[in-house]
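Remarks on the structure that follows.
Per chain, numbering begins at 1; letters A, B, ... match sequence-line order.
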Amino acid sequence: MRPRRHCTTGAVDTWPKIRNMNGIQEDVMPEVQAAELDKLSVEERLYRIRHSTAHVMAQAVLRLFPEGKVAIGPPIENGFYYDFDLPRNLTPEDLEAIEEHMREIVSGNHEFTRKVVDREEALSMFADQPYKLELIRDLPADQEISVYTQDSFTDLCRGPHVETTRRIQPKAFKLLSIAGAYWRGDEKRPMLQRIYGTAWENPKDLRVYLDHLKEVEKRDHRRLGKELDLFSTHEEAGPGLIYWHPKGSRIRVAIEDYWRAQHRLGGYELLYTPHVGKAWLWQTSGHLDFYKENMYAPMELDNAEYFAKPMNCPFHIMIYKTQMRSYRDLPLRWGELGTVYRYERSGVLHGLLRVRGFTQDDAHIFCTPAQVKDEIKEVLRFSLQMWDDFGFKTIKAYLATRPPKSVGDEDRWLTAQASLQEAIEEQGLEFQLDEGGGAFYGPKIDLKVKDALGREWQMTTIQFDFNLPERFDMTFIDTDGKEKRPYMVHRALLGSLERFFGVLIEHYGGAFPVWLAPTQVVVVPVASAFNDYAAGIAKRLFAAGYRAEADLSDDRMNAKIRNAQTAKVPYMLVVGENEQSAGAVSIRTRTGERKEAMSVDDFVAWLGDKVATRAEI
RNA sequence: GCCAGGAUAGCUCAGGGGUAGAGCAGCUCACUCGUAAUGAGCAGGUCGUGGGUUCAAUUCCCACUCCUGGCUCCA
């Protein structure tokens, strides 16, 4: 299954997006008559189908475990889940048995009937269902309480549902996995067993979705990382720490070279700062008060405690404070590919996407109030251009504003929020407002990018910070000769190189565009008699700055092509008698296409163009 | 951290109370070949770590580590 916690899972555009953020039954759709079901949008129909399938599953589970307790079972994107408290742990075989019962229930053509009950009635109906009782007791006093019944099963539920189980096709749903989940997501409460399932309108849609899951698995960056020899992790050497192999490093170098070049053009200076800092630094920044549980334990040295850095900002501020800063010096844009370490609980580590040490493509912008607007606009534009260059074309913005508990002047918050929103609107970006969702120290924009499989990943963050300038007493001298507080914006565009690499691998399924491919060209001689010619071409390409090699192994030509193909090398140059005598190469792309033979000079120019235009192939 | 499942050759995996097997990769030899796998041979393992039960444990039991899928938070 896909890593739900790292991306909004999901789905090709045509697939309905149904979210249930807090995992509790919620439903904003009005009740409709059964006959109207077909008039509903596909999203609304699927919502009902999934919700109803969850009820059917609960009924099936209770058939197997009559003494089981049911918790909640909402529809989610692409499916549904239901949480249970059962006398024993479920096994994968149980899922098959449950599915069997579900098919039988569904084929009974039972109606879903809705009934409104008062609180007392509800409490007595679910007297032996403690989780339901808790839900009922937590409902607001003026809330209408409804229950839905199909066959012999009645559930507390706001609805809506399909009119009969006939709407649930026996071959259009599938149970996928069992997982532990805390009651109401609280680790102090009981651990329940959650069954995830997927449900669709018809068997064909289910098949398309299952194929999609297979494709997701094929593109899994951990699998491709191994197959393509890109990176590894080592439990003996510390979990969650990434080792970049030569081929992975080639890609990283290409990314970093691009990143530096773009930042230079964008008016950034680059910094290098230490990996550890004394307790004073983290005390001043507040990290020891608010972030300690995410930090590596201190090292003691000369009676002082040193911490590995979880963030780069305090170091950049130290540099800021080495001089008196004038308004004439601002804005300062300081970037750093800064490697940070954060403690993550062992259960959450996941390939490149969730690690304990990573390199942020970090930068801090220090500016005057008058400069804020333009700076934000530029950062956003910069970010979008970068995503475009890396081949991600669909971006969504999330603007998070001031939460109730927060620091900083009201007018600074308003200025900051206004400039964030204006920047988004100017770029014509689709965005969602997350009222009160900002950090206590400032509002922010997060960008989610959509990958080739339609999954959204949160990558870019652009964040105001009203806290650190105060804590470190940062100032600049304004035009009136007075000391003022600069604005500080923290931004990471790619996020972290590790995570970005993981997403990039999955986006391209390992078939990187030419400018990023670890090996851009493999020269394949048709027989060993042409080894020298092949080696000469590879050498020439290499000298011209390309990642090219000749395959001079004992393999036959067909095997060499296959090896290059499975390594997803964009171009294979096949050379034999014809090419040698003409000083040419014949080109085969990894898509299987054969191009007309061209002179080596022409190929160099052609390849240069492909790299410069960031062509996929 | 918690719940569940897993860990056997470099990789993918089979097996099972009497101390291990395949394919690919690797090495050697032969083949000199025109757009996705030439053939033969060789080598490769304290069966995750530690403890227990047993005449005997890789197999059964316990603990731990890591991995996988979830739960909370986040780049």
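With both ends at atom C1', the span from A75(B) to G16(B) equals 45 Å, rounded to whole Å. Rounded to a whole angstrom, the distance from the C1' atom of U65(B) to that of G44(B) is 26 Å. A7(B) sits 8 Å from G48(B) when the P atoms are compared, rounded to a whole Å. Nucleotides U19(B) and U8(B), compared at atom C1', are 14 Å apart to the nearest Å. A distance of about 24 Å separates the P atoms of A43(B) and U38(B), rounded to the whole Å. Distance noted for atom C1' between A56(B) and C64(B): 25 Å (whole Å). One C1' atom belongs to U12(B), the other to A25(B), and the distance between them is 11 Å to the nearest Å. For the C1' atom pair drawn from A22(B) and C47(B), the interatomic distance equals 16 Å after rounding to whole Å.
Under the side chain to side chain contact (heavy atoms under 4.5 Å, CB included) rule, Leu352(A) has a single partner from His221(A), Arg222(A), Arg499(A), Glu506(A), which is His221(A). Checked options Val522(A), Val521(A), Val569(A); the residue passing with Glu549(A) is Val522(A) (criterion: side chain to side chain contact (heavy atoms under 4.5 Å, CB included)).
At whole-Å resolution of the value, NZ in Lys188(A) and P in C73(B) are 13 Å apart. To the nearest angstrom, P of C67(B) lies 14 Å from CG of Asp220(A). For the pair Arg354(A) CZ and U72(B) P, the interatomic distance rounds to 12 Å; values are reported in whole Å. Here C66(B) presents its P atom at 11 Å from CG of Leu241(A), a figure rounded to the nearest Å. Here A75(B) presents its C1' atom at 13 Å from CG of Leu447(A), a figure rounded to the nearest Å. Computed from coordinates, the Leu349(A) CG to U65(B) P distance equals 13 Å when rounded to whole Å. Between the C1' atom of U68(B) and the CG atom of Leu352(A) lies a distance of 16 Å, rounded to the nearest Å. Protein atom CD of Gln463(A) is 11 Å distant from nucleotide atom C1' of C74(B), rounded to whole Å.
With salt bridges taken as basic N to acidic carboxylate O contacts below 4.0 Å, one links Lys218(A) and Glu215(A). In this structure, Asp94(A) pairs ionically with Arg88(A), as a charged nitrogen and a carboxylate oxygen lie closer than 4.0 Å.
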Can you give me the N/O atom pairs linking the protein to nucleotides 9-11 of chain B at distances under 3.5 Å, or say none if there are none?
none

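Pairing for C42(B) goes to G26(B), judged as Watson-Crick or G-U wobble with the two contacts each under 3.5 Å. Pair check for C60(B) finds G52(B); Watson-Crick or G-U wobble, both atom distances under 3.5 Å. With a cut-off of 3.5 Å on both Watson-Crick or G-U wobble distances, the partner of U19(B) is given as none. Using N1 to N3 plus N6-O4 or O6-N4 for Watson-Crick, or N1-O2 and O6-N3 for G-U wobble, each under 3.5 Å, A4(B) pairs with U68(B).
Not less than 6.0 angstrom separates the ring centroid of Phe80(A) from the ring centroid of Tyr82(A). For Trp387(A) and Phe500(A), the distance between ring centers is under 6.0 angstrom. The aromatic ring centres of Phe501(A) and Trp244(A) sit less than 6.0 Å apart. Aromatic ring centres of Phe382(A) and Trp259(A) lie farther apart than the 6.0 Å criterion allows. The six-membered or imidazole ring of Phe390(A) lies near that of Tyr258(A), with a centre-to-centre distance under 6.0 Å. For Tyr343(A) and Tyr296(A), the distance between ring centers is not under 6.0 angstrom.
Every residue was checked against the ring pair (Phe, Tyr, Trp, His ring centres under 6.0 Å) condition with Phe431(A), not counting sequence neighbours, and none meets it. Under the side chain to side chain contact (heavy atoms under 4.5 Å, CB included) criterion, Ala550(A) pairs with Val523(A), Ala534(A), Ala538(A), Leu552(A), not counting sequence neighbours. Partners of Phe358(A) according to the ring pair (Phe, Tyr, Trp, His ring centres under 6.0 Å) rule, which considers only residues two or more places apart in sequence or in another chain, do not exist here.
Between Pro239(A) and Arg342(A), the residue whose closest nucleotide on RNA chain B is further toward the 5' end is Pro239(A). When each of Lys444(A) and Asp186(A) is assigned the nucleotide of RNA chain B with its nearest heavy atom, Asp186(A) is the one assigned upstream, toward the 5' end.
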Strictly under 4.0 angstrom, non-hydrogen atoms only: write out the protein contact profile of nucleotides 2-8 of chain B, one letter per nucleotide from the 5' end, B, S or -. BBS----
Using a 4.0 Å cut-off on protein heavy atoms (strictly under), produce a 5'-to-3' string for nucleotides 28-40 of chain B with B for base contact, S for backbone-only sugar-phosphate contact, and - for none. ----BBBBBBB--
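Proximity of His350(A) to the phosphate of G69(B): a side-chain N or O atom is located under 4.0 Å from OP1 or OP2. For C71(B), neither phosphate oxygen OP1 nor OP2 lies less than 4.0 angstrom from any side-chain nitrogen or oxygen of Arg345(A).
The closest side-chain heavy-atom distance from Met57(A) to Phe173(A) is not below 4.5 Å.
At the heavy-atom level, Val355(A) lies under 4.0 Å from base atoms of the strands shown. Using a 4.0 Å heavy-atom distance criterion, Glu344(A) is classed as a base contact.
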